[in-house]
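First up is the structure itself, then whatever we jot down about it.
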Amino acid sequence: RMPNAQWQWAAMSASHENRESRKCIFYDVKHSNNSARIRLWLRLHGGLNDNIETIMLGHADLEEGKKLAEVNPLKKVPAFVTNTGLHLFESFVILSYLEDRFGEGSSNPSPVGATPRFVLDTPDDRAFVQLLVRIHDVYISSPNCTQPHFSHTQGCMYLDPIPTKYTPARRTISDAKIRAAKVKEIYERLCWLEGSIKLPYMAGARITHADITWYPTCVFMEVLLPYVFGWASIFYETTHFPRLTRWFETCSGNDHFASVRRDIYDVLVQQKRDGRFDNVQQVARDNPDMKWTYI
């Protein structure tokens, strides 16, 4: 966790400073899948160290939330401050800003050679990518409500049924039936992906925002679905999801994807050793009449 003195909020910039000389600030958490998609875009793009500063936060920074709320009132990451002082949140919005500001065709492309193209050429292809991203954001990674006990679908893999040091009371999933329904939702969305992606990447020959969005979340599934709910080694088997396995292997062969996978994977494995997911495992054991394992 970073000391409070190292939090660098946009308001600290001198008011007379030229806006074009300021850096954007990206607030990240190492094992957050939604932050990781911003981190992955930045690594794939490259050459933006002089434009964007990354501040890595810890778990306690999220729970205390007071300083984070100055940038994102929802107290979540990713959070972002542009060089003009605009506060942005929601990973889709931040990625859209980065693409507009630094992507191909922008007025400020990469200063180190050709800018990678993550946006496809035709309306149909771009719409397909947006659909893939939308399915992820609506049905997997967002609770779409900030009130207590509303949680995203992916939270079924790790949010505790009771308050713990990892899961505050407002984020618990106490109802086993709701948790089981979320596990089913993951399976059904993966089935849709299996039948929809084009390969070698999700939208075909090029890396797009669909790959950048889904891959960090799939690392969570890679680690937690087998460990917590007894699934087969997802993204390493070819019986149920052979196309997703090929896609995951292709992405993992890219050094930038692999580095982001390692960021998330190492944290989750350490949390496994620390017993973070034991309570969720116990929910499945205590409710053998509910379906937890799909492959």
Is the positively charged end of Lys198 above the ring of Phe128, judged by distance under 6.0 angstrom from the centroid and angle within 45° of the axis?
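The answer is yes; both the distance and angle limits are met.
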
Nearest atoms (heavy-atom pairs only) where [X] meets [Y]:
{"X": "Phe118", "Y": "His45", "value": "CZ-N, 4.2 Å"}
{"X": "Phe229", "Y": "Ala284", "value": "CD2-CB, 4.2 Å"}
{"X": "Asn72", "Y": "Pro78", "value": "ND2-O, 4.1 Å"}
{"X": "Tyr215", "Y": "Phe257", "value": "CE2-O, 3.4 Å"}
{"X": "Ala210", "Y": "Met202", "value": "O-SD, 3.9 Å"}
{"X": "Ala36", "Y": "Asp28", "value": "N-OD1, 4.5 Å"}

List, by chain and then residue number, the residues other than Phe89 in its hydrophobic cluster (Ile/Leu/Val/Met/Phe/Trp/Tyr, side-chain heavy atoms under 4.5 Å); write none if there are no others.
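Besides Phe89, the cluster holds Leu74.
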
We want to know whether [X] and [Y] form a side-chain donor-acceptor pair, criterion being a heavy-atom distance below 3.5 angstrom.
{"X": "Trp292", "Y": "Asn287", "result": "no"}
{"X": "Arg101", "Y": "Asn51", "result": "no"}
{"X": "Asn34", "Y": "Ser32", "result": "no"}
{"X": "Ser35", "Y": "Tyr27", "result": "no"}

Run the side chain to side chain contact (heavy atoms under 4.5 Å, CB included) check on Leu244 and Ile197 step by step: do they pass?
CA-CA 8 Å; Leu244 283 172; Ile197 62 174; 3.8 Å; yes

OG/Ser196 to CD1/Ile135 distance, rounded to the nearest 0.5 angstrom?
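Here the rounded value is 8.5 Å.
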
Between CD1 of Ile178 and CD1 of Ile173, what distance do you get to the nearest 0.5 Å?
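Going from the CD1 atom of Ile178 to the CD1 atom of Ile173 covers 8.0 Å.
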
Over 12 non-hydrogen atoms of neighbours within 6.0 angstrom of [atom1] in [X]:
{"X": "Tyr265", "atom1": "OH", "answer": "no"}
{"X": "Lys272", "atom1": "NZ", "answer": "yes"}
{"X": "Phe92", "atom1": "CZ", "answer": "no"}
{"X": "Glu237", "atom1": "CD", "answer": "yes"}

If the condition is side-chain contact (heavy atoms from CB on, under 4.5 Å), which residues does Val228 pass it with, not counting sequence neighbours?
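Leu224, Phe277, Val280, Gln281.
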
With sequence neighbours excluded, tell me which residues meet side-chain contact (heavy atoms from CB on, under 4.5 Å) with Thr122.
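Partners of Thr122 under the side-chain contact (heavy atoms from CB on, under 4.5 Å) test: Asp124, Asp125.
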
Please assess Ile186 against Val183 for the test side chain to side chain contact (heavy atoms under 4.5 Å, CB included), listing each intermediate value before the final yes or no.
CA-CA 5 Å; Ile186 288 177; Val183 177; 5.7 Å; no

Could you list the residues that satisfy side chain to side chain donor-acceptor pair (under 3.5 Å) with [X], not counting sequence neighbours?
{"X": "Thr153", "answer": "none"}
{"X": "Thr245", "answer": "none"}
{"X": "Thr172", "answer": "His149"}

Just to verify, what does Asp278 make a salt bridge (charged side-chain N to carboxylate O under 4.0 Å, His left out) with, not counting sequence neighbours?
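Checked Asp278 against salt bridge (charged side-chain N to carboxylate O under 4.0 Å, His left out); zero matches.
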
Can you list the residues that meet the salt bridge (charged side-chain N to carboxylate O under 4.0 Å, His left out) rule with Glu185, with sequence neighbours excluded?
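Salt bridge (charged side-chain N to carboxylate O under 4.0 Å, His left out) list for Glu185, sorted by chain: Arg189.
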
Would you list the pairs meeting salt bridge (charged side-chain N to carboxylate O under 4.0 Å, His left out) in which at least one residue belongs to [range], sequence neighbours left out?
{"range": "residues 136-160", "value": "Arg37-Asp137"}
{"range": "residues 84-98", "value": "none"}
{"range": "residues 253-270", "value": "Arg39-Asp263, Arg43-Asp263, Glu222-Arg261, Arg262-Asp266"}
{"range": "residues 138-159", "value": "none"}

Can [Y] be reached from [X] by stepping across I, L, V, M, F, W or Y side chains whose heavy atoms are under 4.5 Å apart?
{"X": "Val119", "Y": "Leu98", "value": "no"}
{"X": "Ile212", "Y": "Tyr139", "value": "yes"}
{"X": "Leu42", "Y": "Leu44", "value": "yes"}
{"X": "Tyr97", "Y": "Val129", "value": "no"}
{"X": "Ile140", "Y": "Val138", "value": "yes"}

So do the side chains of [X] and [Y] get within less than 4.5 Å of each other, counting heavy atoms only?
{"X": "Ser141", "Y": "His136", "result": "yes"}
{"X": "Ile25", "Y": "Val71", "result": "no"}
{"X": "Tyr294", "Y": "Trp231", "result": "yes"}

Taking the side chain from [X] and the backbone from [Y], do they hold a donor-acceptor pair closer than 3.5 Å?
{"X": "Asp175", "Y": "Lys177", "value": "yes"}
{"X": "Arg126", "Y": "Asp121", "value": "yes"}
{"X": "Trp247", "Y": "Asp211", "value": "no"}
{"X": "Arg179", "Y": "Leu159", "value": "yes"}
{"X": "Thr82", "Y": "Cys24", "value": "no"}
{"X": "His209", "Y": "Val133", "value": "no"}
{"X": "Ser259", "Y": "His256", "value": "yes"}

Decide side chain to side chain contact (heavy atoms under 4.5 Å, CB included) for Lys30 and Met56; before the verdict, give the C-alpha distance in whole Å, the side-chain angles of both, and the deciding distance to 0.1 Å.
CA-CA 7 Å; Lys30 189 174 184 180; Met56 191 68 70; 4.0 Å; yes

So Ile94 and Trp41, side chain to side chain contact (heavy atoms under 4.5 Å, CB included) or not? Walk me through it.
CA-CA 10 Å; Ile94 296 170; Trp41 189 96; over 6 Å; no

Give the ring-plane orientation class for Phe220 versus Tyr158, where under 30° counts as parallel, over 60° as perpendicular and anything between as tilted.
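Tilted, since the angle between the ring planes falls between 30° and 60°.
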
Where does the angle between the aromatic ring planes of Phe248 and Tyr236 fall among parallel (under 30°), tilted (30 to 60°) and perpendicular (over 60°)?
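The rings of Phe248 and Tyr236 stand perpendicular, inter-plane angle above 60°.
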
